[in-house]
Colleague: 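One structure coming up, written as structure tokens, with questions to follow.
Each chain gets a letter, A, B and so on, in the order the sequences are listed, and its residues count up from 1.
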There are 2 protein chains.
Amino acid sequence: MVARTNRPTLRQVAALSGVSVKTASRALNAEPYVSAATAAKVRAAAEQLGFRRNAIARDLRAGARSTLVGLIIGDLANPFYSRLARGAERRLRSSGLPLITASSEEDPQLEQRLIAEMLERRVSALLVVSSAAEHAYLDAERRLGLPVVFLDRAPQDIVADTIVIDNERGVRQGVDHLVRQGHRRIGLVGDLGRLSTHRERVAAFGAALTAAGAGDWQRYVRADSHDVPAAERAVRELLALTPAPTALITTNNRITTGALRVLRELAAPPALVGFDDFDLADLLGVSVIAHDPERMGELGAELIVTRLAGDDGPARRVLLPTRLVPRGSGERRPAHLDETV
Amino acid sequence: MVARTNRPTLRQVAALSGVSVKTASRALNAEPYVSAATAAKVRAAAEQLGFRRNAIARDLRAGARSTLVGLIIGDLANPFYSRLARGAERRLRSSGLPLITASSEEDPQLEQRLIAEMLERRVSALLVVSSAAEHAYLDAERRLGLPVVFLDRAPQDIVADTIVIDNERGVRQGVDHLVRQGHRRIGLVGDLGRLSTHRERVAAFGAALTAAGAGDWQRYVRADSHDVPAAERAVRELLALTPAPTALITTNNRITTGALRVLRELAAPPALVGFDDFDLADLLGVSVIAHDPERMGELGAELIVTRLAGDDGPARRVLLPTRLVPRGSGERRPAHLDETV
DNA sequence: CTGAAAGCGCTAACAG
DNA sequence: CTGTTAGCGCTTTCAG
């Protein structure tokens, strides 16, 4: 399966062009101090043999590590992650750093295996959307000189470079918006309860509702809706309560999708504000708390590049802004208010 | 930037545990013929030092190539590509092969650079959605033993493993469906004209319409709508023709999005059938010609695995089926027929 | 069961 | 300007 290839090596190029390996190396890497004639001869030989530099040997020589940067995300096919990945890829490529991506499927064990694999491959840095609770092993790597940047979810057990959304403010924007339309019973459908983003969003939700005088908000919170069907179930559950919530906040794009599937069946659907903007949300009239995942990837990559350039200042924490985008679903008023109009 | 790391090496592990390098290697790779006591000692030392195998050195020794598989796509953030990537990633991971992805942005030159980079990194195989016209250099690599699988777009100049959608049949399903509702003037908005997928879809479009007795179909074809704004412009252009088309076929998800943005402003929008299924198409009532990009990635990965296992049979060509999914937009009838009802 | 030596393909360091 | 030597960290011989 990993048979030795019959690829030409530098040695063969050198032999064919009648120079030493080192001269061939110099010629092909456009180093100075090679005569034009020699360089041409070597390049011709390389061309003829179909030679390609072996980056494995080069990397081993150069410091036993590669220029690859590793990115761990939950799921390549989720637009939040794929936008993030695109932002990171673009920024890294402009610095000549290829990106290697792996999906953890939000499984902490798989995540750790994937990271271990990348570390063995000697990636030069790591961008991680972590679904794990423990990061001590990564802290050890950081001390060995590996830049690690946490994206979207801040590690709870170590201090490290982190780029996160301003969840507190985002949720508050959403709740305040709904409260201003007269809503007091607001439901929240959230992702995996163990994720820091979930906990932050729920905490902000509670704080904002308490401030608005709605004391029993906890009744209307559901967690662990990690896929669309789970989100649909949670929404149905909430709407079956008595009294039912008059508005919903969904904490990510997939959950919002699930909610939409349920709400379209209803004659008088509750108001809806979703965290994460998504394609076609405008056509569907869905109000969202928007932010910029691509920017998150870009900034993470930017920070990696800075760290690789030698910056070893204290860990940085970047907070990305959110923006409430009203499109209709979040502007529906509670039924009892409409009646009085 | 590529400073030598202070990472512990196998030699240090060996020294600390008082055995030879080779014994340490055997112990850490769970090879047979190592006493339990020695193995335990070595593992303890490795643990203590925070040792991690260096895959670069290992790969160099093992055959001067890595186990990485390279994937070239147009744009990570396009759901068609990200689903394809997910399918490939899953299937490859189950065979222990990490995936390294790069976006070409449909630029042939960038594509070639990215592939060259991957080849230098000695990827063990390549999955490519190519936007280039020339693939001779890849054919050379194939002869040197590198499995290459073309996805979505068949190379025109070489014979190689290829997995494509049944574009001919897909478009015919769409056209026939519209013709059955009484449409004869059907517009087509397509992606970059140089892509083989575009050409195949247009050819099928023409054939189906000719069969239906619509001779002037060429008037209603627009190409090179590679982003949403371009698609919007093309749709407006088509609708401004006299007589205007009564139905539209859009040949990918982004173009469909553009068309939807235009159509929603219209009192009597033309019928619409889009190539590619997409999230929320059901909620928006968009009829599509659906297929399975994730499956394409999976099958490509599958073929790679087979080839790596030694299968060197003739190039294979896999055709993926399409399915027409009626959801409303494709069932609107032309205005003149409605009038007569 | 364990170890010594050789070498994967390349480049840094040092001669010529 | 060009060549020789050594060695990156590991695993594959081949001997103990």
Side-chain angles (χ1 to χ4, degrees), chain A residues 1-43 45-46 49-67 119-122 124 144, chain B residues 1-43 45-46 49-67 119-122 124 144:
Chain A
M1 183 133 165
V2 243
R4 187 151 299 277
T5 67
N6 39 358
R7 276 210 151 283
T9 69
L10 191 58
R11 185 198 216 99
Q12 295 171 42
V13 175
L16 179 61
S17 42
V19 301
S20 76
V21 237
K22 180 58 200 174
T23 299
S25 165
R26 276 194 273 254
L28 294 175
N29 290 309
E31 283 177 37
Y33 306 122
V34 188
S35 77
T38 311
K41 205 166 50 180
V42 173
R43 272 196 294 269
L49 293 174
F51 170 81
R52 287 183 190 274
R53 261 188 332 201
N54 187 324
I56 298 178
R58 163 191 276 241
D59 285 349
L60 179 58
R61 179 66 249 221
R65 62 213 206 71
S66 77
T67 58
L119 292 172
E120 290 197 356
R121 211 165 286 284
R122 294 297 188 269
S124 57
L144 282 168
Chain B
M1 184 133 162
V2 242
R4 188 151 300 278
T5 68
N6 38 359
R7 276 211 150 283
T9 70
L10 191 58
R11 185 198 216 98
Q12 295 171 42
V13 174
L16 180 60
S17 42
V19 300
S20 76
V21 220
K22 180 56 204 177
T23 299
S25 165
R26 274 195 273 253
L28 294 175
N29 289 310
E31 283 178 35
Y33 306 122
V34 188
S35 77
T38 312
K41 205 166 50 180
V42 173
R43 272 196 295 269
L49 293 174
F51 171 80
R52 287 183 191 274
R53 262 187 331 203
N54 187 324
I56 298 179
R58 162 190 278 241
D59 285 349
L60 179 58
R61 180 67 250 225
R65 63 213 205 67
S66 77
T67 58
L119 292 173
E120 290 197 356
R121 211 166 286 284
R122 293 298 188 269
S124 56
L144 282 168

Colleague: Counting only side-chain nitrogens and oxygens, does A/S35 get under 4.0 Å of the OP1 or OP2 atom of D/dT2?
Modeller: yes
Colleague: Could you run down nucleotides 11-16 of chain C 5' to 3' and tag each one B, S or - for protein heavy-atom contact under 4.0 Å?
Modeller: BBB---
Colleague: Do side-chain atoms of A/R53 reach the backbone of A/L10 as a donor and acceptor pair under 3.5 angstrom?
Modeller: no
Colleague: Taking only residues two or more places apart in sequence or in another chain, which ones pass side-chain hydrogen bond (donor to acceptor under 3.5 Å, both in side chains) with A/S124?
Modeller: none
Colleague: Of the candidate nucleotides D/dC1, D/dC10, C/dG3, which contains the atom at the shortest distance from the side chain of A/T38?
Modeller: D/dC1
Colleague: Return the set of residues passing salt bridge (charged side-chain N to carboxylate O under 4.0 Å, His left out) with B/R43 (not counting sequence neighbours), or none when no residue passes.
Modeller: none
Colleague: Establish, with yes or no, whether the OP1 or OP2 oxygen of C/dA4 is under 4.0 angstrom from a side-chain nitrogen or oxygen of B/S20.
Modeller: no
Colleague: Can you name the residues that form a side-chain contact (heavy atoms from CB on, under 4.5 Å) with A/K22, not counting sequence neighbours?
Modeller: A/S20, A/S25, A/R26, A/E31
Colleague: Among residues at least two apart in sequence or on other chains, which ones pass side-chain hydrogen bond (donor to acceptor under 3.5 Å, both in side chains) with B/R52?
Modeller: A/E141
Colleague: Specify the separation, in whole Å, of atom CD1 of A/I56 and atom P of D/dC10.
Modeller: 15 Å
Colleague: Restricting to side-chain hydrogen bond (donor to acceptor under 3.5 Å, both in side chains), what partner residues turn up for A/Q12, sequence neighbours left out?
Modeller: none
Colleague: Who passes side-chain hydrogen bond (donor to acceptor under 3.5 Å, both in side chains) against B/R58, sequence neighbours left out?
Modeller: B/N29
Colleague: Rounded to the nearest angstrom, tell me the gap between atom OH in B/Y33 and atom P in D/dT11.
Modeller: 19 Å
Colleague: Using atom CZ of B/R121 as one end and atom P of C/dC10 as the other, report the distance to the nearest whole Å.
Modeller: 15 Å
Colleague: Among residues at least two apart in sequence or on other chains, which ones pass side-chain contact (heavy atoms from CB on, under 4.5 Å) with B/R11?
Modeller: B/T9
Colleague: What bend angle does the helix from C/dC1-D/dG16 to C/dG16-D/dC1 show across its length, from five-pair end axes and to the nearest 10 degrees?
Modeller: 40°
Colleague: Rounded off to whole Å, could you give me the CZ-to-P distance for the A/R122 and D/dG9 pair?
Modeller: 9 Å
